[in-house]
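Here the structure comes first, spelled out in structure tokens, and everything after it is commentary.
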There are 2 protein chains.
Amino acid sequence: MRRAHHPATEELSLPEVMAALSDPLRIGLVRVLADGAERGWGELWAPVAKSTLSHHLRVLRDAGVTRTRQEGTRCFVTLRRQDLDERFPGLVGALLEAAGAEDVTGGVRLAPGADSTAARR
Amino acid sequence: MRRAHHPATEELSLPEVMAALSDPLRIGLVRVLADGAERGWGELWAPVAKSTLSHHLRVLRDAGVTRTRQEGTRCFVTLRRQDLDERFPGLVGALLEAAGAEDVTGGVRLAPGADSTAARR
DNA sequence: TTCGTTGTTCGTCGAATATCGAATAAGCTA
DNA sequence: TAGCTTATTCGATATTCGACGAACAACGAA
């Protein structure tokens with residue numbers, strides 16, 4: 001597992017961020033992360049193969065929408081809300097509001113059984 | 001030239017609108033239209049073949065971002081700002097602000113010589 | 001060291017996208 | 001009617017994207 005790349009705040013590209021946020025599944029992931037809590041990979045459930053979920057998380061990470069932290073063999077994902085708001089004020093907020101109104105989830109939800117103890121400890 | 005389809009306000013899809021707004025050239029078109037003025041097709045210049053420009057305008061139109069009005073053999077394009085703001089409050093504003101700050105144009109600009117008299121008449 | 005767990009990466013597929021030039025259709029104009 | 005202008009559509013390519021299963025790498029545990 002190679003160390004993931006995270007673009008700096010100044011490197012965020014508007015078209016790239018928009019593209020990352022144009023997929024229902026990825027919008028669903030952002031919504032799940034919108035409360036600011038750090039979520040374990042295993043907590044994030046989507047109706048796709050895990051390689052596909054990994055792909056979508058990578059697209060979000062590469063665009064600078066999320067940050068991935070590794071802890072042993074697990075990783076934890078957060079929304080880079082502050083960075084995004086700094087570069088693109090209001091964009092994420094408007095997206096979340098619209099996605100809430102339309103109920104765009106992409107089938108993403110928090111895995112029922114998964115624990116997020118590491119994030120709380 | 002077939003009559004173009006325009007989705008109703010209630011039919012606008014967030015992922016589709018986001019996708020339409022994830023291309024630099026299309027962001028540039030939206031910026032040029034952002035003042036609310038109706039622009040003639042010939043006024044919209046971009047560094048691509050006219051068939052490609054037509055394609056991008058179609059993507060925006062199909063997503064409900066712009067409206068095309070035909071007058072004889074010409075057509076005029078407007079931004080559906082009100083419809084978009086109603087469905088996705090703040091989204092277009094945030095996009096325009098961010099695009100302005102980043103100076104995303106996609107190479108789009110108003111054609112120097114082109115007239116927009118029909119729109120003013 | 002040998003497993004088991006956990007994400008990532010790879011190879012592949014079909015669908016969608018971006019691009020161009022040529023052909024076309026629709027409406028003016030001569 | 002015959003041409004001209006204007007934008008769309010078509011056909012061809014090249015690229016990207018989303019999806020899957022399989023293989024892999026990294027780490028902790030037995």
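Keep in mind that the numbers below use all heavy atoms, side chains included, and drop hydrogens, waters and symmetry copies.
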Table please: side-chain donor-acceptor pairs of residues 11-24 of chain B below 3.5 Å, with sequence neighbours left out.
from    : atom 1 : to      : atom 2 : distance (Å)
B/Glu11 : OE1    : B/Ala8  : N      : 2.8
B/Ser13 : OG     : B/Glu16 : N      : 3.1
B/Ser22 : OG     : B/Ala19 : O      : 2.7
B/Asp23 : OD1    : B/Leu25 : N      : 2.8
B/Asp23 : OD1    : B/Arg26 : N      : 3.3

Problem - Between P of C/dA26 and CD of B/Gln70, the distance in whole Å - result: 10 Å

Handout entry: Touch class at under 4.0 angstrom, heavy-atom based, for B/Val48 against every strand present
Key = sugar-phosphate

Exercise for the section: Scan A/Gln82, A/Arg81, A/Arg87 and name whichever one has a side-chain hydrogen bond (donor to acceptor under 3.5 Å, both in side chains) with A/Asp85. Expected result: A/Arg81

Practice task
Tell me whether A/Val59 is reachable from A/Leu84 by hopping between hydrophobic residues (I, L, V, M, F, W, Y) whose side-chain heavy atoms are closer than 4.5 Å.
Solution key: no

Exercise for the section: Mind calculating the distance between CD (A/Glu43) and P (C/dG7) to the nearest angstrom? Expected result: 10 Å

Practice task
Using only side-chain N and O atoms of A/His56, determine if any of them is under 4.0 Å from OP1 or OP2 of D/dC17.
Solution key: no

Problem - Contacts of type side chain to side chain contact (heavy atoms under 4.5 Å, CB included), residue A/Ala37, not counting sequence neighbours - result: A/Asp35, A/Arg39

Problem - Contact check, side chains of A/Val65 and A/Arg80, non-hydrogen atoms, under 4.5 Å - result: no

Problem - B/Glu43 (side chain) donor-acceptor with B/Gly40 (main chain) under 3.5 angstrom - result: yes

Exercise for the section: Starting from P on C/dT6, measure out to CZ on A/Arg74 and report it in whole angstrom. Expected result: 6 Å

Practice task
Check whether A/Leu29 and A/Trp45 end up in the same hydrophobic cluster, where Ile, Leu, Val, Met, Phe, Trp and Tyr are linked by side-chain heavy atoms less than 4.5 Å apart.
Solution key: no

Problem - Closest listed nucleotide, where the reference is the side chain of A/Thr52 and the choices are C/dG7, D/dT8, D/dA19 - result: D/dA19

Problem - Nearest-angstrom distance from the residue atom CZ of B/Arg39 to P of D/dT6 - result: 18 Å

Exercise for the section: With a 4.0 Å heavy-atom cut-off, tell me which residues in residues 23-37 of chain A come close to DNA chain D, sorted by residue number. Expected result: A/Asp23, A/Arg26

Exercise for the section: Find the distance B/Leu57:CG to C/dA18:P and express it as a whole number of Å. Expected result: 13 Å

Problem - Closest-nucleotide ordering on DNA chain D, the 5'-leading residue of B/Thr68 and A/Val59 - result: B/Thr68

Practice task
Please list, chain by chain and in numerical order, all residues satisfying side chain to side chain contact (heavy atoms under 4.5 Å, CB included) with A/Ala49, sequence neighbours excluded.
Solution key: A/Ser51, A/Thr52

Exercise for the section: Please round to the nearest 0.5 Å and tell me the distance separating atom CZ of B/Arg67 and atom CG of B/Asp83. Expected result: 5.5 Å

Fill in the blank from the handout: B/Glu71 atom CD is separated from C/dA26 atom C1', nearest whole Å, by 14 Å

Exercise for the section: Go through the N and O atoms of the side chain of A/Ser54 and the base of C/dG7, and report whether any donor-acceptor pair is under 3.5 Å. Expected result: no

Problem - Distance-only donor-acceptor test (3.5 Å): side chain A/Thr73, base D/dG28 - result: no

Problem - B/Arg58 side chain near D/dT9 phosphate (N/O to OP1/OP2, under 4.0 Å) - result: yes

Completion exercise
When rounded to whole Å, the NZ to P distance for the pair B/Lys50 and C/dA23 reads 13 Å

Practice task
Please report, rounded to the nearest Å, how far the C1' atom of C/dT6 is from the CZ atom of A/Phe76.
Solution key: 11 Å

Handout entry: Partners passing side chain to side chain contact (heavy atoms under 4.5 Å, CB included) against B/Thr68 (at least two apart in sequence or in another chain)
Key = B/His6, B/Arg61, B/Cys75, B/Val77

Fill in the blank from the handout: Under a 4.0 Å heavy-atom cutoff, the residues of residues 13-22 of chain A touching DNA chain D are none

Practice task
Please determine, for the side chain of B/Trp41, which listed nucleotide (D/dT9, C/dT19, D/dT8) has the closest atom?
Solution key: D/dT8

